[in-house]
**Q** 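Got a structure for you, questions after.
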Amino acid sequence: MAVVPNSTIQTLERVVPDKAERQLIQRAYRKLLRAVKTPMTDDDKNNIRRAFELAVAAHKEQRRKSGEPYIMHPIEVARICAEEIGLGPTALVCALLHDVVEDTDVTIEEIEEQFGPIIARIVDGLTKLDGTYTSNVPQAENLKKVLSTLVDDVRVVLIKMADRLHNMRTLGAMPHHKQVKIAAETSYIYAPLAHRLGLYNIKTELQDLCMKITEPEAYQEISRKLKETQRQRTRYINEFIRPLTKKLDALNVPYRIFGRPKSIHSIWSKIKNKGVSFEQVYDLFAVRIVVDVEREREKKVCWEVYSIVTDVHHPIPERLKDWITTPKSNGYESLHTTVIGPQGRYVEVQIRSERMDEIAEKGYAAHYKYKGVGTERDVYQIWLDSMRELLEDPSTDPLEFISDFKTTLFKEEVYVYTPKGDMRVLPKGATALDFAFNIHSEVGYHCSAAKVNGKLVPLGYKLRNGDQVEIFTSKKQKPNESWLKMVITGKARSKIRSSMKEERRRQGEIGRETLERKFKNLKLEFEKNVDILVKHLQLHSRPDLYYAIAMGEINPGELIKNNFQIENGLLTPIKTEEPETETEPKKSKRLSKVKAPKMKLLVGGEPADQYTYAFATCCNPVPGDDIFAFLTTNSGLKIHRTSCPNASNMLTHYGYRIMSAEWVAAWNTTFVAKLRITGIDAGPGVIQQLSSEISKLGVNIRSFNITGDEGYFECNLSILVQNTDQLNVIIRGLRKLDNITTVSRIIEE
Ligand code: MN
């Protein structure tokens, strides 16, 4: 019998003058103490008592919307933590104190002084979490905050869950518009989170409570129909169970067998999603068989029960779900099968041990109660690790994070196998590429092809239950932008992103070295001059400049030569208005960064028309490209891009044959650009889709050739464009198309 000590009664008498209220509070407190199932030391008991006394005193002036003393709320939250989540004494102390810092004069320092750092930290987390979803801070930021706290100490979110559950249970006193808002927040974050934490009962109750507010009519109707059909359902369940009991008894293992109605919310989702009526929902209930056996025998006994059930009632084999061999990522373990019961009705049967049942209902805390027994991997830890990974990725902005989070951590799951037959659990919608990253980051990075059930599939193939997936890797392969469109798991996304970042950084390093060499040659001090170039090119940052140099988009030598003069060791832009000395043979040296759609070619500063010239077919320059002219031995001038692979050879060995060339505004002609497009051959529509996209952009196709091989295609496309701007628009447009993996401009030879 829970005894309320004298000091506590004295505190109560002092702060709660009303006798009836005092009795109410005492009764609730006693109920809380009775609910504690975990063993408690004297220290634990003492802490709970002191927390209670502090909370009673701190909240003494406050009342809930319903009119009852505010302290009833923390007491009840603590009771939910103990009874419905199975948390221990530390969490109860925190639950009792959870609103103290937020709503009263008590500070977090005082809590730390009285209860120590662990409790103070959890209460602090709860205080910070409070009101997150009702404030005006963007939702994504809030979600991230909730989850960061969770990773810090899961107890924070579990207590928060109890808090939310109690608030939802007592929502009646709130004005309707507030109810709707709180319900929306609850179904957006807390119900899915409860699911993830394996708090099945709490999830179900939260969903039902939300539905009661947001869909009151549907809720009332289903609840009424459930009541009306209850007797016939009970009769049916008995009929189903009767032939099983004798055989189950013969196992000589204590067991419970019972019918369990599905939640109103889940029945309603079925009605909605499948477009059926209440009467047509066949699984309004499930039959559960829970065996009480020691850990070592539970799998064996569960399968024995399975065999009894399926001997009596014919099973539908594809409905067998074995979460005993491979638990769900929220820790759920159970054996599910659907059998054909009396009158040909489908009945779902859930078979599990008492331990599995407790984990299934209470999740996290129950899971930890059993931790340490057995050697199987800790699904909880895996989940928390993946959360941490997601949260620690600094590159994700909040909106990306929210979508990663929702897909990776809240989605239903799909079960697939490695070639060795190991099962992997991925969120529904995950692709072959997600699978590769799930196996190992390195496998992901170098993933070049995938086979599902022996057939080659595109990397973006959506996995289905039971698929056997084999990944092929190639050292040459590395992630690219388009991969981001092919994955849905947070791990794959963040790995691809960081690898691309790393690649960019690595390339930038090379670019930086190139620039440093150039500056050294010109006797320019690096730090003093680098930002002058960044600014001149209107880039955002130095890394952008380094990267552009590494990619050959910018030739620092040309850039400096054409645009700057050196004064006192500083790059000084050449003033564009002033023409240079007329005697110089190479006249204008300005860089061809002209953005005008129509452009004219100048060679050596003169209109190109006065020369015999042609565009080199090795690099097909178009207006806007950085170019130079090369005097050939027998066919006049050839215009090359400065990034042409042959450029460095020509420039180093035949410098005397080089003339400057540039684009200036005004001209009206088109140029050939060659593109290579690779992608996934998703059927006969691909070619049409491509050509229609290109014609939408108003481009003339000169040649088009496509080759395919086992689900992949490569397309070489020659198009006529007016300048680089137009070309870039086309490239970007093509990259956006479904099934397109890469689009690159190619230079032959
Ligand atoms: Mn609260």
Side-chain angles (χ1 to χ4, degrees), residues 15 21 24-25 28-29 31-32 35 48 51-85 87 89-108 110-111 115 119-135 137 142 145-146 149-150 152-175 178-179 181-191 193-194 197 199 202-203 205-206 209-210 213:
V15 296
E21 274 186 3
L24 186 76
I25 295 167
Y29 181 57
K31 199 172 155 200
L32 162 66
I48 292 177
F52 171 67
E53 287 174 21
L54 180 88
V56 173
H59 290 299
K60 67 179 176 193
E61 308 291 350
Q62 289 173 286
R63 300 209 163 250
R64 304 201 81 211
K65 277 274 179 312
S66 60
E68 63 180 5
Y70 193 87
I71 185 67
M72 298 300 282
H73 168 65
I75 296 176
E76 190 56 15
V77 172
R79 191 199 58 75
I80 293 171
C81 285
E83 201 163 312
E84 299 179 42
I85 306 181
L87 290 174
T90 306
L92 302 201
V93 171
C94 300
L96 284 168
L97 299 174
H98 84 270
D99 277 334
V100 157
V101 176
E102 179 80 7
D103 299 340
T104 76
D105 298 335
V106 180
T107 64
I108 200 73
E110 290 170 62
I111 303 252
F115 296 94
I119 284 168
R121 210 185 58 226
I122 297 175
V123 172
D124 193 38
L126 286 161
T127 308
K128 285 188 182 129
L129 266 186
D130 217 46
T132 41
Y133 274 78
T134 44
S135 67
V137 185
N142 276 327
K145 199 159 120 188
V146 173
T149 327
L150 172 124
D152 221 34
D153 192 322
V154 185
R155 281 175 293 194
V156 175
V157 166
L158 291 169
I159 296 165
K160 189 70 202 160
M161 206 65 81
D163 181 31
R164 179 52 61 122
L165 181 60
H166 185 241
N167 285 335
M168 287 295 294
R169 282 177 183 168
T170 53
L171 212 51
M174 289 270 183
K178 277 204 174 161
Q179 291 183 6
K181 192 168 178 197
I182 294 171
E185 291 160 6
T186 304
S187 61
Y188 182 79
I189 171 91
Y190 289 99
L193 207 46
L197 293 166
L199 302 165
I202 291 183
K203 177 198 81 170
E205 189 178 346
L206 286 176
L209 288 168
C210 288
I213 290 158

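Just so you know, these numbers use all the heavy atoms, side chains as well, and skip hydrogens, waters and symmetry mates. As the structure is a prediction and not an experimental result, all values here were calculated from the model. Read the numbers this way: they start at 1 and go in the same order the structure lists the ligands and their atoms.
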**Q** Are the side chains of L165 and L209 in touch, meaning some heavy atoms are under 4.5 Å apart?
**A** yes

**Q** Between H166 and the Mn ion (ligand 1), is there a contact where an N/O/S atom of the residue lies under 2.8 Å from the metal?
**A** no

**Q** For residues E68 and E21, determine if any side-chain heavy atom of one lies less than 4.5 Å from a side-chain heavy atom of the other.
**A**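 No. Closest side-chain heavy atoms not under 4.5 Å.
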
**Q** Which single N/O/S atom of H98 lies at minimum distance from the Mn ion (ligand 1)?
**A** NE2

**Q** State whether D163 contributes an N/O/S atom found under 2.8 Å from the Mn ion (ligand 1).
**A**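 It does: D163 brings an N, O or S atom closer than 2.8 Å to the Mn ion (ligand 1).
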
**Q** Strictly by modelled atom types, are D99 and H59 linked by a side-chain donor-acceptor pair under 3.5 Å?
**A** no

**Q** Have a look at D99 and say which of its N, O or S atoms is nearest the Mn ion (ligand 1).
**A** OD2

**Q** If you define the side chain from C-beta out and look only at heavy atoms, does anything of M72 sit under 4.5 Å from H166?
**A** no

